[in-house]
Amino acid sequence: TTPITIETAVPFESHLCDAPSRSVETSSSEILSFFRDMARMRRMEIAADSLYKSKLIRGFCHLYDGQEALAVGMEAAITRKDAIITSYRDHCTFLGRGGELVDAFSELMGRKRGCSNGKGGSMHFYKKDACFYGGHGIVGAQIPLGCGLAFAQKYSKEEFVTFTLYGDGAANQGQFPAYFKRGDYVPGLKVDGMDALAVKQACKFAKEHALKNGPIVSLFNAFIKF
Amino acid sequence: MWGILGRRAVDGGFSASSLRRMRSGLVSARSYAAGSKEMTVRDALNSAIDEEMSADPKVFVMGEEVGQYQGAYKISKGLLEKYGPERVYDTPITEAGFTGIGVGAAYAGLKPVVEFMTFNFSMQAIDHIINSAAKSNYMSAGQINVPIVFRGPNGAAAGVGAQHSQCYAAWYASVPGLKVLAPYSAEDARGLLKAAIRDPDPVVFLENELLYGESFPISEEALDSSFCLPIGKAKIEREGKDVTITTFSKMVGFALKAAEKLAEEGISAEVINLRSIRPLDRATINASVRKTSRLVTVEEGFPQHGVCAEICASVVEESFSYLDAPVERIAGADVPMPYAANLERLALPQVEDIVRAAKRACFRSK
């Protein structure tokens, strides 16, 4: 647990705000936990892929392998009282929020033991007690929903934030770009999403920024494997 | 602001003569007991929201023009002054955006009352109503509940044309996970809206623009701030023994008028005000049909796959052997609402249509 300081490989880029420092504080135990969690997520997704190809998982199966650093780095920067809402690519986000592997696989295979009792499926994992609000199948729907979660936090005067996650598909959906085309006033951050420490630094920065100044958009460059 | 309002159907946008024509169809049998209070539907809704906001700090109101303008139809009059901008939100014209925000806030435990200027505009937000609100409790196996109310005028107004006149009762009532309510009187408006706001699940609350100005007698009990009506229970507005007429919203007034005309001809009609479209009070409807043996269902919306179709199916499934005549449904014409006043009148059920159907069911006419 002795603190280590590591420089991110790629610098942060910022828009309408200052970029966070490239020096990230961490520890050997944190780095090991990153590795463990990310490896577990990767193995889960690869297993899910095999199950899907064997038709033991039906319908849709959107995999997160490749983006593990994002889920893990984010969790390191925030608390379980900060809210997360995401798209249908939600398996690892669920794990990051404290979800169990057995509950995830049970859900994917339509079993009662699943985290949604088998009624949700791949795209509808939730963990309310960890402020994880799903798991949404309609592209872009989670964006105004996430604004609503943040609105509720502000209304209740809680010092927590909401992270609304979406991909490049949702970035085109009407509800989202319309707001931003109206005036260039929301600050932004560009982050190497393949670096868990950079993600951690960026999310820590984003949370502080959001609590003081309002919404911030962060672009995490990551690539998924499938 | 007027430019924005020019796009929408606005309170006061029809002529005095059309108002009189509509009002003559709306007068129901009332007893004018000396000293009994009367209340407009508008005031009933306003007082219901006011009382629920006062009782629970998690309740807040959002929608277009609900704040500074006092509400497009003045339903939210005075609320901004009383509760402040932290609890009464004027939204930009983006139903998809603000409905999504409302549903997200409900996920987190707040109790939004989202106003659609008319339910025609809810189609811009219907993905959030159905996929984000209605289905979430089931998909999350009960973890997420969504205590939100979507309210606003539904159905035809007067002269507002095809895109501003549709009834959405059948659409929303077909969705598991939603509750759909349709008040008629001021007491319905108060009791059902309070029930809707207190309900832990999403409720679609279908009002009627032409009823907002209508006055109804209201009991002391209904004026109490704890007053609440049960969801899923219909009301027998008028007892009868020869034919059952079921309907909701503005058509209740027409059905009561029809019942008066039928009584003059010796036919005793039982008028049921559904109040709740989902869940539908099948027990009350079927018990009535088992008593009268005849069914006439009335709605303003399009006929195919309508609320009437569901009621007919329910009665045929549960009370077939009690029927003495084929079930009848009276609905709006199967055509987008025309603009010309004479065509609009032909496109909507009138009192004469209900009378004719009831007589047909009683084999008094072809």
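Numbers restart at 1 for each chain; the letters A, B, ... are given by sequence-line order, proteins then strands.
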Can you say whether [X] sits under 4.5 Å from chain B via the side chain, the backbone, both, or neither, judging by heavy atoms?
{"X": "A:Ile138", "result": "side chain"}
{"X": "A:His136", "result": "side chain"}
{"X": "A:Thr162", "result": "neither"}

* Contact class of B:Lys135 relative to chain A, heavy atoms under 4.5 angstrom ->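 No part of it gets close to chain A.
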
* What part of B:Pro57 lies closer than 4.5 angstrom to a heavy atom of chain A: side chain, backbone, both or neither? ->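 For B:Pro57, the backbone is the part near chain A, not the side chain.
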
* Mind ranking A:Ala150, A:Gly148, A:Gly120, A:Cys115 by heavy-atom pairs under 4.5 Å with chain B and telling me who comes out on top? =>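 Result: the option with the highest number of such pairs is A:Gly148.
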
* **4.5 Å side-chain heavy-atom contact, B:Val66 and B:Tyr89** =>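 No, too far: nothing below the 4.5 Å cut-off.
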
* Do the side chains of A:Phe205 and A:Cys17 get nearer than 4.5 Å, heavy atoms only? ->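 A side-chain contact exists here, since the closest heavy-atom pair is under 4.5 Å.
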
* Asked: Who are the ring pair (Phe, Tyr, Trp, His ring centres under 6.0 Å) partners of B:Tyr83, not counting sequence neighbours?
  ->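 Expected list: none.
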
* Would you call the rings of A:Tyr155 and A:Phe151 parallel, tilted or perpendicular, where under 30° means parallel and over 60° means perpendicular? ->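 A:Tyr155 vs A:Phe151 ring planes: tilted.
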
* Side-chain donor-acceptor pair present, B:Ser122, B:Tyr168, cut-off under 3.5 Å ->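 The answer is no; no qualifying pair exists.
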
